[in-house]
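Comments concern the structure below.
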Amino acid sequence: MDGQGKEGSNGGGGGGGSGQYDVVARAFVEYYYQTFDANRAALAALYGHTSMLSFEGHMVAGAEEIGRKLAALPFEQCRHAVCTVDCQPTPSFPGGILVFVSGNLQLAGEEHQLRFSQMFQLVPNEQGSFFVQNDIFRLNYG
């Protein structure tokens with residue numbers, strides 16, 4: 001995550017005693033959606049060569065392909081409003097964090113917001129930061 005995950009956040013709670021992973025997860029979520037809304041092309045740096053993205057059922061792998069997929073989305077501007085952030089440590093990846101986000105997405109020129117859910121698996125890298133190993137995004141209809 002290029003060091004962004006270790007920077008401050010508003011903390012808060014996804015359950016009592018959630019520890020440092022909650023701080024990291026919330027800082028990541030804040031950075032991810034600010035970057036998505038302002039400079040989507042910069043998101044590729046958050047992924048690695050083993051990363052996978054499933055976006056509305058379309059799967060791509062690797063940071064370059066993920067960057068291309070996100071850049072090719074059929075809208076220029078959007079604004080995310082995060083409603084919930086839930087996170088858990090992942091014992092299968094020591095130091096890893098599973099992050100589940102729900103929120104609303106406002107596309108430029110559209111009257112109604114779209115509801116979305118997104119899951120990230122953050123895994124530590126050699127530099128002591130994190131990268132996104134897995135990312136699953138879905139719009140919520142109904």
Side-chain angles (χ1 to χ4, degrees), residues 1-108 110 112-142:
M1 206 164 78
D2 291 286
Q4 304 302 335
K6 300 256 181 196
E7 294 181 8
S9 81
N10 60 5
S18 57
Q20 184 66 21
Y21 63 85
D22 185 61
V23 173
V24 171
R26 289 176 181 281
F28 167 78
V29 166
E30 182 178 338
Y31 178 80
Y32 181 89
Y33 293 112
Q34 284 178 353
T35 303
F36 192 108
D37 295 351
N39 181 15
R40 205 178 328 157
L43 291 175
L46 300 179
Y47 298 87
H49 69 279
T50 62
S51 298
M52 297 187 79
L53 166 68
S54 177
F55 192 93
E56 286 292 296
H58 181 259
M59 191 175 304
V60 293
E64 285 185 33
E65 287 297 316
I66 292 170
R68 277 195 279 277
K69 173 66 178 172
L70 294 174
L73 292 175
F75 52 86
E76 294 251 345
Q77 294 180 326
C78 68
R79 186 173 37 100
H80 290 83
V82 172
C83 295
T84 64
V85 176
D86 296 298
C87 59
Q88 300 175 352
T90 57
S92 58
F93 277 101
I97 306 168
L98 191 64
V99 183
F100 182 77
V101 179
S102 67
N104 297 306
L105 174 63
Q106 181 70 52
L107 298 177
E110 294 292 326
H112 300 287
Q113 292 185 345
L114 303 170
R115 301 187 80 184
F116 75 92
S117 297
Q118 192 161 11
M119 184 283 305
F120 301 96
Q121 183 177 29
L122 306 179
V123 175
N125 62 21
E126 301 81 32
Q127 292 77 35
S129 188
F130 292 87
F131 74 97
V132 179
Q133 176 63 55
N134 298 93
D135 179 353
I136 300 172
F137 176 90
R138 280 285 184 181
L139 292 172
N140 300 329
Y141 299 102

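Considering Y33, Y141, F36 as possible partners of F116, the one that fulfils the ring-ring contact (aromatic ring centres under 6.0 Å, His included) test is Y33. Each of Y32, F100, Y31 was scored for a ring-ring contact (aromatic ring centres under 6.0 Å, His included) with F120, with one residue passing: Y32.
In this structure, T90 and I97 approach most closely via the heavy-atom pair OG1-N, 3.6 Å. Pairing each heavy atom of R115 with each of N104, the nearest pair is CG-OD1, 3.4 Å.
Residue Q113 qualifies as enclosed at atom CD: its count of foreign heavy atoms under 6.0 Å is above 12.
Between T35 and L46 the shortest side-chain heavy-atom distance does not fall below 4.5 Å. A heavy-atom distance below 4.5 Å is not found between the side chains of N134 and I136.
S54 OG to Q118 CD: the interatomic distance, rounded to the nearest 0.5 Å, is 10.5 Å. Atom CD of E110 and atom CG of L105 lie 10.0 Å apart (nearest 0.5 Å). The CZ atom of F131 sits 9.5 Å away from the CG atom of L122 when rounded to the nearest 0.5 Å. One finds the CG atom of D135 at 7.0 Å from the CE atom of M119 (value rounded to the nearest 0.5 Å).
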What pairs of donor and acceptor atoms, side-chain ones from residues 72-85 against any protein atom, are under 3.5 angstrom apart with sequence neighbours left out?
{"from": "H80", "atom 1": "ND1", "to": "D37", "atom 2": "OD1", "distance (Å)": "2.5"}
{"from": "T84", "atom 1": "OG1", "to": "S102", "atom 2": "OG", "distance (Å)": "2.4"}

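A donor-acceptor contact shorter than 3.5 Å links the side chain of Q133 to the backbone of T50. Counting only distance, with no hydrogens or angles, the side chain of E65 and the backbone of K69 share no donor-acceptor pair below 3.5 Å.
Applying the ring-ring contact (aromatic ring centres under 6.0 Å, His included) rule to pairs touching residues 44-64 yields F55-F137, sequence neighbours excluded.
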